[in-house]
**Q** 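Before we start, here is the structure in question, set down as structure tokens.
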Amino acid sequence: MSEQFGTVGRRTLLRGSLVAAAMVPVGGALASCAGSGAGPAAPQETGEATDNNPFGVPEGSTVDAVIFNGGYGVDYVEFAAEVMGASMGVTPKISPSTAIAQELQPRFAGGNPPDLIDNSGAQQIGFNAILDQLEDLTDVIDANNYEGTPIRDTLYEGVLAPGTFGDKLAAINYVLTVYGVWYSASLFEENGWTVPTTWDEALELGAKAKEKDKYLFVWGKEAATYYQTMAIESAIMQGGDEVRLALENLQPDCWSKPAVQDVFTKMAEAVEKGYFAPGGAGTQFTAAQAQWSNDQEALLYPSGAWIENEMKSQTAEGFEMKGFRGLVVDPATAVLPAGALHSTAGEPYIVPSQAANVAGGKELLRAMLSKEAATNFAKEKLAPTIVQGTVPEDGFGSTALQSQTEMLNAAGTDVFTFNFVSTYGMNADMLTVWNSFLDGSFGVDELTSRLQELTDAVANDDSVEKIEVQ
Amino acid sequence: MAVFLGLPLLIYVGLVLWPFGQAFYYSLTAWSGFSPPKGFVGLDNYARIFSDATFLRAMRNNVILVVVVPLVTIVLSLALASVLTVSGSSTGEVRGLRGSSLYRVVSFFPYAVPAIVIGLIWGMVYNPRGGLLNGFLTALGFDAFAAFPWLGDTDTAMGATIFVMVWAMVGFYMVLFVAAIRGVDKEVFEAARLDGAGRFRTAVTITVPLIRDNVQTAYIYLGIAALDAFVFMQAMNPTGGPDNSTLVMAQELFRTAFTQNRWGEASAMGVVLALVTLAFAALVFVVNRLTGAEKDEGKRT
């Protein structure tokens with residue numbers, strides 16, 4: 001028997017092992033999809049709820065928090081945990097993660113998610129997938145902060161909207177993000193340039209930049225859709241809610257709205273005239289951003305206010321970064337008032353209902369919303385949180401932070417935002433289209449039809465749950 | 001006996017077959033990934049992915065890779081391996097080029113560097129402005145390449161990526177073939193030379209048939225690497241390249257699972273990828289058999 005095994009085996013075994021080898025990488029890819037059933041909500045052991053402990057965190061318990069380790073790091077949560085720990089006798093366990101979805105998918109599917117999560121970054125968990133497993137955080141907002149004021153009264157206008165799904169406050173977005181177009185105030189002053197407010201002024205500026213061998217804009221391949229964000233902002237400033245709701249609700253002709261088309265046309269003109277630095281479709285986005293912030297080859301860059309922190313180590317000496325709210329096509333007919341601003345809250349913090357210490361997760365969030373922790377964040381990260389009045393007039397010495405405060409003050413209540421791209425996970429597909437538009441391979445028509453195809457595909461897909469925006 | 005066979009079998013079933021079966025089951029559901037699997041939908045996911053232009057595009061790119069990468073890598077590494085072992089001086093003993101051990105070490109270097117690092121390094125080399133390649137070309141006077149986006153142009157993105165994959169793998173397969181050729185009796189090559197066979201003739205009619213088992217193994221491994229290709233693609237073009245020209249199935253699977261939370265559909269993609277890989281391996285066996293593997297085998301023993 002063993003003799004026969006030996007002779008029959010050599011080739012068959014080799015063949016078998018090759019097939020097995022062929023299956024190894026596939027097995028790996030598939031095995032990572034494995035999940036096990038989630039049990040019922042964990043029984044909660046709660047302590048007595050008091051004024052100082054509104055959610056009844058049991059004494060001596062542990063709070064397990066997983067925080068996205070991105071531009072803002074995790075030290076600000078550790079700071080808040082210290083603020084909390086002093087009064088609570090609770091042990092915080094703060095774990096950083098750069099891939100929230102990958103790391104937490106097995107924990108969600110297995111029924112033991114952490115108590116508090118900063119569900120942020122490129123690999124955030126889509127809200128449509130976990131919405132019914134999250135706590136409603138309204139009781140956190142209704143609680144008093146550590147200084148004794150109801151938290152609801154300390155927040156900026158409209159900051160709870162991005163975390164509200166239907167009538168459920170499923171996430172509290174901690175950081176206030178102002179979107180705009182950023183530039184070097186010192187460079188503009190040196191050359192006697194004025195900051196453009198309309199697309200025509202921007203195109204004129206592009207011609208002036210050309211004279212100095214500079215470009216108006218620069219883009220990187222992973223961030224080509226920053227220009228989509230900029231275009232949508234422009235279109236909403238021009239056309240108001242009609243445009244915003246058409247896009248948010250994926251209407252069949254949303255990209256053909258005149259307000260959108262006018263902006264695309266102006267952008268195409270900038271592309272045609274060579275005002276975009278060439279090669280963006282093959283450039284890594286931080287390298288492209290450094291062309292603007294360090295080499296100063298380009299004048300303007302549209303982005304969220306995180307850009308200052310992101311490029312801190314790669315910004316030219318004496319750059320004096322400032323921002324403005326964006327460009328409009330025709331201010332005379334614009335529906336939204338002159339100061340209207342794209343601003344929203346980011347870094348969504350969530351508390352899963354199945355967590356072992358739901359009260360602890362909420363308490364840590366309450367600590368983060370204390371004046372002490374929020375001020376610490378603004379100071380360390382040079383970005384405002386959703387808590388008002390934490391940034392002094394000098395912006396802790398940052399010109400970008402000063403101009404954020406100026407933009408917010410100018411906007412007052414005229415603040416808008418839009419979420420359809422991230423809600424339906426369309427950014428990856430849109431990047432491809434925008435790279436082709438910005439490098440000149442697509443014209444306005446092709447850009448429009450490709451974007452419309454993408455939104456139509458989601459709109460017509462019954463398996464995707466739509467969130468109606470009003 | 002039962003322990004020696006039973007235990008590995010148990011491990012194999014538990015760690016290989018079971019996840020396969022599980023993934024196949026998930027591919028029949030509308031599972032979102034973050035709750036217990038639910039919503040049996042039959043073959044809907046398969047219908048979806050085969051009518052999804054992006055997935056088909058990714059599949060086409062994988063097919064291009066699986067045709068080009070193994071072929072180029074094997075031809076190159078076989079040529080190098082023969083040069084280093086039997087194509088040296090044509091007088092005296094059959095041997096490789098002088099200093100061949102140095103070349104062997106040097107060309108093995110890329111394989112010692114992790115693929116992700118290779119991808120990132122080459123991403124910088126290809127960088128349109130300030131990248132090594134364009135700097136070199138413009139220094140030579142080719143001003144058209146001043147800001148040419150190698151990874152951002154539909155005509156060059158795939159080619160540039162394939163070049164890097166081949167660059168990364170050729171050294172390892174060269175070493176593999178060197179070892180295989182060393183295992184062949186030197187007299188065979190000597191006899192061929194006495195009969196008047198040149199270097200190319202020796203390589204094609206003597207070397208390749210004698211080490212065809214190794215070539216077949218190499219072909220399958222390279223094919224699997226090309227069907228995966230995830231690391232290289234994700235490092236050089238995480239967005240799928242211009243007009244998705246470098247998007248591969250594994251990337252689309254990853255995107256579907258982790259950014260769109262469609263784990264059922266992603267599992268279906270995984271099953272398709274597994275079947276394509278198996279089909280590829282089977283094809284290599286059949287081709288090898290048809291081109292006379294049994295005959296050569298017979299000759300040798």
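Lettering follows sequence order; numbering is per chain, from 1.
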**Q** Using non-hydrogen atoms and a 4.5 Å limit, figure out which bit of A:A129 sits close to chain B: side chain, backbone, both or neither.
**A**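 It is both, since atoms from each part get that close.
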**Q** Could you check whether any side-chain heavy atom of A:D429 comes within less than 4.5 Å of a side-chain heavy atom of B:Q260, counting everything from C-beta outward?
**A**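 Yes, side chains in contact.
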**Q** A:T283 versus chain B, heavy atoms under 4.5 Å apart: side chain, backbone, both or neither?
**A** both
**Q** Please classify the contact of A:D461 with chain B as side chain, backbone, both or neither, using a heavy-atom distance under 4.5 Å.
**A**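 Contact with chain B is through the side chain of A:D461 alone.
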**Q** Looking at every heavy atom in both B:F34 and A:Q105, which two are closest together, and how far apart are they?
**A**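 Between these two residues, the closest heavy atoms are CE2-CA, 3.5 Å.
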**Q** Decide yes or no for B:R129 and A:P278: does some side-chain heavy atom of the first lie under 4.5 Å from some side-chain heavy atom of the second?
**A**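 Counting from C-beta outward, B:R129 and A:P278 do come under 4.5 Å.
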**Q** Minimum heavy-atom separation for A:A109 to B:G33, with atom names?
**A**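 Here A:A109 and B:G33 meet closest at CB-O, 3.9 Å.
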**Q** Give, as side chain, backbone, both or neither, the part of B:F254 having an atom under 4.5 angstrom from any heavy atom of chain A.
**A**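 For B:F254, side-chain heavy atoms alone lie under 4.5 Å from chain A.
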**Q** What's the separation between atom CG in B:N261 and atom CD in A:Q124, rounded to the nearest 0.5 Å?
**A** 9.5 Å
**Q** Considering residues, nucleotides and ligands other than A:K210, do more than 12 of their heavy atoms fall under 6.0 Å from its NZ?
**A**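 Yes, the 6.0 Å shell around NZ holds more than 12 heavy atoms from other groups.
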**Q** Just how far is it from atom OG1 of B:T259 to atom CG of A:N427, taken to the nearest 0.5 Å?
**A** 9.0 Å
**Q** Between chain B and each of A:A457, A:G279, A:G280, count heavy-atom pairs under 4.5 Å; write down the option with the most.
**A**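 With the most close heavy-atom pairs to chain B, the winner is A:G279.
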**Q** Do any of residues 115-127 of chain B have a heavy atom less than 4.5 Å from a heavy atom of chain A, and if so, which, in residue order?
**A** B:N127
**Q** Which residues satisfy the salt bridge (charged side-chain N to carboxylate O under 4.0 Å, His left out) test with B:D52, sequence neighbours excluded?
**A** none
**Q** Can you tell me how far CG of A:L131 sits from OG of B:S35, rounded to the nearest 0.5 angstrom?
**A**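 With rounding to 0.5 Å, OG (B:S35) is 12.0 Å from CG (A:L131).
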**Q** Taking atom CG of A:L431 and atom CG of B:N244, what is their separation to the nearest 0.5 Å?
**A**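 These two atoms lie 10.0 Å from each other.
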**Q** Which value, rounded to the nearest 0.5 Å, describes the distance between B:L151 atom CG and A:Q284 atom CD?
**A** 11.5 Å
**Q** Which atoms of A:E297 come close to chain B, meaning under 4.5 Å heavy atom to heavy atom: side chain ones, backbone ones, both, or neither?
**A**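 The side chain, not the backbone.
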**Q** Is it the backbone or the side chain of A:R107 that comes under 4.5 Å from a heavy atom of chain B, or both, or neither?
**A** neither
**Q** Give the minimum heavy-atom separation between B:P149 and A:G282, together with the two atoms involved.
**A** CB-N, 3.8 Å
**Q** With a 4.5 angstrom heavy-atom cut-off, which part of B:N237 approaches chain A: side chain, backbone, both or neither?
**A** both
